[in-house]
2 protein chains.
Amino acid sequence: MQIQPSFRAHPSRDTHAGLSDLLLAMQPAAVTYFPTDAVIYAEGDAAGPLYLVEFGMVRICRLTADGRRLISAFHTAGEVFGFEADGVHGSFAESVDGAGIRVLRPHCGEQPTGSILTLALRSLARTQAHLMLLGRRNANERMAAFLVDLAARQGDDSSVYLPMQRYDIADYLGMTFETVSRVLRALKDLGLIRLRSTNEVELLDLAALEAMCD
Amino acid sequence: MQIQPSFRAHPSRDTHAGLSDLLLAMQPAAVTYFPTDAVIYAEGDAAGPLYLVEFGMVRICRLTADGRRLISAFHTAGEVFGFEADGVHGSFAESVDGAGIRVLRPHCGEQPTGSILTLALRSLARTQAHLMLLGRRNANERMAAFLVDLAARQGDDSSVYLPMQRYDIADYLGMTFETVSRVLRALKDLGLIRLRSTNEVELLDLAALEAMCD
DNA sequence: CGACCTGTTGATTCTGCTCAATCAACGTGG
DNA sequence: CCACGTTGATTGAGCAGAATCAACAGGTCG
């Protein structure tokens, strides 16, 4: 948790509706650098400020009493997270690969609730799509949806970079890391992807992958 | 889809923070009665107005291309639904058992976005809790969580009324209706519940049920 | 009464988990 | 430079939980 001196503006900020309003209205703090696996906020922490990802990737996690973990979301550059209904965080946020985060502290009584609402609704829409994934799709379909979604967010429809490790993917897709390996193997055998390296996947048949997830 | 002449105010309205502000600011329309299985809005419909449940129960559904259904939420009296990130509904809403709905139409440019935000964040919190359910809990745990949640919302911690049928419960919990039957049977055999009738469950050991779901 | 719908239960199948071995990449210290 | 330990990923064997396929019971409605 140290201050990153060289601030690098992320590329897609202006493409996110509502975000520029928010940045104008909420005095943006400096960018804080969170190294791999550093905790950004913990479960039970007081909620309030929002967090803008400048670079890197963040995971939002929740644990059951007996230690099973679910990652409810990954956030990449340009996305805002940290919304809570009551004043306390029900999940915790960690840096996946070293992430730069800008904290947006609400001014007393003069937040632009309109643009916050826009972002919160987007978060809701993402979460609902993820519900469908976990509730009604099998392992292959979940992985296909994950790859297609990441590719879209990275703006490259022929290859995907996976900054997180297999265990994270498993906890995001509601399965085990062994199954993640097996499913990637299965998609490879189907000729849909190619594993350029452990964390770089080439999408050989984007149309077929998209067809697998609606 | 007919107008219910006798309007019955629901009991818990004032316990929902943000709701009274919303009702003050958004001119509430008359209550419309939706009989069992009637569609309140369809997937693809223009979004915008919000919907307040006055009585009865509503299900929010989504379908995969090949017809698998997931119910992302049930809504009871006092709850508001219909939030969408963009202008189009990604899910559809249906009456479960005959529901009275009050449509809240936004006035141009003068909605109380603050109270809408509060309600949207509550919806997000619910959805995230449901994610955990579908991603990391087995059939018994899902059912226990469902019963405990319904009991709390119905304000009775010794029995639960199930207005929906097994198929709906299955699609809410991400399983089949046969498994719903079997799981209820299993909880009964464990001495945790008693099936007073098809749609009335007595909670014999609330503490144990709560322990099953964190 | 018969047709239909909902729910329960049984038999079987199958997807994904558990347990476990192996392997590659990497860092450390002798 | 190499032996060693560690960590992440892959693969295999067997198992368990839930799905599927199927039969049947009770209730409702024409």
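Lettering of chains follows the sequences in order, A, B, ..., and the numbering in each one begins at 1.
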>> Testing the 3.5 Å rule here: is there a donor-acceptor pair between the side chains of A:Ser95 and A:Asp97?
In response: no
>> Tell me every residue that passes salt bridge (Lys or Arg N to Asp or Glu O under 4.0 Å) with A:Arg196, counting only those two or more places apart in sequence or in another chain.
In response: A:Glu200, A:Glu202
> Would you say A:Thr176 reaches C:dC17's phosphate, i.e. side-chain N/O to OP1/OP2 under 4.0 Å?
Replying inline: yes
> Closest approach of B:Cys61 and B:Glu94, non-hydrogen atoms and distance?
Replying inline: SG-OE1, 4.2 Å
> Of the non-hydrogen atoms in A:Ile60 and A:His75, which two are nearest, and what is the gap between them?
Replying inline: CG1-CD2, 3.6 Å
> At what distance, to the nearest 0.5 angstrom, does CG of A:Asp156 lie from CG of A:Leu203?
Replying inline: 8.0 Å
>> Tell me every residue that passes side-chain hydrogen bond (donor to acceptor under 3.5 Å, both in side chains) with B:Asp189, counting only those two or more places apart in sequence or in another chain.
In response: B:Arg185
> Which heavy-atom pair separates B:Glu141 from B:Arg137 by the least distance, and what is that distance?
Replying inline: OE1-CA, 3.3 Å
> So which of residues 138-149 of chain A are in contact with DNA chain C, with a heavy-atom cut-off of under 4.0 Å?
Replying inline: A:Asn138, A:Ala139
> Quick one: ring-ring contact (aromatic ring centres under 6.0 Å, His included) partners of B:Phe83, sequence neighbours excluded?
Replying inline: none
>> Using a 4.0 Å cut-off on heavy atoms, which residues in residues 184-200 of chain A reach DNA chain D? List them by number, or say none.
In response: A:Arg185, A:Thr198
> Does A:Arg69 have any side-chain hydrogen bond (donor to acceptor under 3.5 Å, both in side chains) partners at least two apart in sequence or in another chain, and if so, which?
Replying inline: A:Asp168, A:Asp171
Could you go through residues 124-131 of chain B and list every donor-acceptor pair under 3.5 Å that involves a side-chain atom there, pairing it with any protein atom two or more places apart or in another chain?
residue: B:Thr127; atom: OG1; partner: B:Ser123; partner atom: O; Å: 2.7
residue: B:Gln128; atom: OE1; partner: A:Arg62; partner atom: NH2; Å: 3.4
residue: B:His130; atom: ND1; partner: B:Ser72; partner atom: O; Å: 3.3
residue: B:His130; atom: NE2; partner: B:Tyr172; partner atom: O; Å: 2.9

>> I need the minimum non-hydrogen distance between B:Gly98 and B:Tyr33, along with the two atoms involved.
In response: CA-OH, 3.5 Å
> How does protein reach along nucleotides 21-26 of chain D, written 5' to 3' as B (base within reach of a heavy atom under 4.0 Å), S (only sugar-phosphate), or - (no contact)?
Replying inline: B-----
> Roughly how many Å is it from CZ in A:Arg136 to C1' in D:dT20, rounded to a whole number?
Replying inline: 13 Å
> With under 30° as parallel and over 60° as perpendicular, where do the rings of B:His89 and B:Tyr51 fit, or are they tilted in between?
Replying inline: tilted
Would you give me the side-chain donor-acceptor pairs under 3.5 Å for residues 144-154 of chain A, sequence neighbours excluded?
residue: A:Asp149; atom: OD2; partner: A:Arg153; partner atom: NH1; Å: 3.1
residue: A:Arg153; atom: NE; partner: A:Glu79; partner atom: OE2; Å: 3.2
residue: A:Arg153; atom: NH2; partner: A:Phe74; partner atom: O; Å: 2.7
residue: A:Arg153; atom: NH2; partner: A:Glu79; partner atom: OE1; Å: 3.0
residue: A:Arg153; atom: NH2; partner: A:Glu79; partner atom: OE2; Å: 3.0
residue: A:Gln154; atom: OE1; partner: A:Tyr161; partner atom: N; Å: 3.0
residue: A:Gln154; atom: NE2; partner: A:Tyr161; partner atom: O; Å: 2.9

Report all interatomic pairs (protein N or O, nucleotide N or O of nucleotides 24-26 of chain C) with separations under 3.5 Å.
none

> What integer distance in Å separates A:Met175:CE from D:dA9:P?
Replying inline: 13 Å
>> Could you measure the distance from the CD1 atom of A:Ile40 to the CZ atom of A:Phe34? Nearest 0.5 Å is fine.
In response: 5.0 Å
> What residues, two or more places apart in sequence or in another chain, satisfy salt bridge (Lys or Arg N to Asp or Glu O under 4.0 Å) together with A:Asp37?
Replying inline: A:Arg59
> Taking OP1 and OP2 of C:dG16, is either one under 4.0 Å from a side-chain nitrogen or oxygen of A:Thr179?
Replying inline: no
>> Short of 4.0 Å, heavy atom to strand atom, which residues of residues 164-174 of chain A count as contacting DNA chain D?
In response: A:Gln165, A:Arg166
